[in-house]
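Numbering of ligands and ligand atoms starts at 1, following listing order. Residue indices begin at 1 and follow the sequence shown.
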Amino acid sequence: MRVYFDHNATTPVDVSAADTMIRVLRDEYGNASSVHRLGQQAKSIMDEARSAVSTLIGAEPSELVFTSGGTESDNFALRGAAEALEPTGRKHLIATSIEHEAVLVTLKALARGGWRTTLLPVGESGIVSPEALKDALTDDTAIVSVMHANNELGTIQPVAELAAIARTKGALVHTDAVQSVAKIPVNVRELGVDLLSLSAHKFNGPKGAGALWIKRGTRIAPILTGGKHERTRRAGTENVPAIAGMGVAAERGRLKLGADAARLAALRDRLEREILSRIPGTMVNGAREPRVPNTTNISFERVEAESLLIALDLEGIAVSTGAACSSGTLEPSHVLRAMGLPTHRAQNSIRFSLGAGNTDAEIDFLLEKLPKAVEKLRSLTGARR
Ligand SMILES: Cc1ncc(COP(=O)(O)O)c(C=O)c1O
């Protein structure tokens, strides 16, 4: 049995999205900028995808710029808006301390270019408080970037409330919604933001495709310059097959949203409940609500997460120790550290992230293997001590 509980790292591609991609890749090879029929067909495939993705987030198709994924969208939002806002004299950027590296490392790069940056603290809940933003916000703040759902914990940030606060000082608001789109309803108007990043491979679309939603009228400079693609906001011949796949995944994600969310929440809650009751020394990290329905992050006392991950992998179960890019290192996750958890607890943490294909039988399988794996690792540690 192979069981995949790592959907926050990436998801399997939806079968009809894959079929569409293969057809487009094989038959629709036109350049969407070409005037002839093949080019126009490619353009119309992109238009369809643009419409599906914008419907998923309650946006206008013309406000969407296709990118190579979440990382590029975050870079575009921050670097592009920072460049456009430079002439205003504002020199301050705010983000939360639990953002994805795509935001955090980009902020560091901007700081080297003279921008002042503030990272908002989070408490043990893994949720940013409006007070923290009020304290950090100044007349000098150009951009506030707050992720919607955290990738490691699943906690949902009060983006609408924070955006309203940021607006009182005239700051632009960006949200990295890579982990919330198609998991919970996401509506750009309700969130009250100016910029929103999303990534196809987190909602059963292909890797290397994403979008940045840019509210009409928002000042932003392109970070990829060249041709006039995407209304001169992102140069480069578009990856039409991937964009088509993202469109199909967006449409299917939207239609299944309510039913999937309820089913996944029930599975996740059972998994969480059973782990806490069957395995002593276990704790859920971060607030349990509000959370996206598919994610839980659990600490196992006296168990090194990397060892548990490997033990589970040998049983055919895929989980994660936090952000995929920090796996393979023993660095405790920056998210858990930002919450003030002691290093050992951060190093004992496993993220289980569920997706559309997961079943009750798979939860049963995990619940059969996990307690034994934990017990074994604990007995080894005990023997060594
Ligand atoms: C919250 C968040 N932002 C951004 C990204 C980066 O997205 P991509 O993998 O499409 O570059 C990820 C992916 O792990 C993520 O979880």
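Side chain of S34 to backbone of G39: no donor-acceptor contact under 3.5 angstrom is found. Listed for the S73 side chain is no donor-acceptor partner under 3.5 Å among the backbone atoms of S197.
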Checking R254 against E251 for the salt bridge (charged side-chain N to carboxylate O under 4.0 Å, His left out) test, could you report, in this order, the C-alpha distance in whole Å, the side-chain angles of both residues, the deciding distance, and whether it holds? CA-CA 5 Å; R254 185 175 63 82; E251 172 71 3; 3.2 Å; yes
Please lay out, stage by stage, how E272 and R291 fare under the test salt bridge (charged side-chain N to carboxylate O under 4.0 Å, His left out). CA-CA 13 Å; E272 203 168 74; R291 244 184 339 171; 2.9 Å; yes
Distances under 3.5 Å, N/O of ligand 1 against N/O of the protein: list each pair and its distance.
residue	atom	partner	partner atom	Å
ligand 1	3 (N)	D176	OD1	3.3
ligand 1	3 (N)	D176	OD2	2.6
ligand 1	9 (O)	H201	NE2	2.9
ligand 1	10 (O)	G70	N	2.8
ligand 1	10 (O)	S199	OG	2.6
ligand 1	10 (O)	H201	NE2	3.4
ligand 1	11 (O)	T71	N	2.9
ligand 1	11 (O)	T71	OG1	2.6
ligand 1	14 (O)	H100	NE2	3.3
ligand 1	14 (O)	K202	NZ	2.7
ligand 1	16 (O)	Q179	NE2	2.8

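Looking only at atom types and distance, the side chain of N285 has a donor-acceptor partner in the side chain of S349 under 3.5 Å away.
Closest of all the heavy-atom pairs between K256 and A356 is NZ-CB, 4.1 Å.
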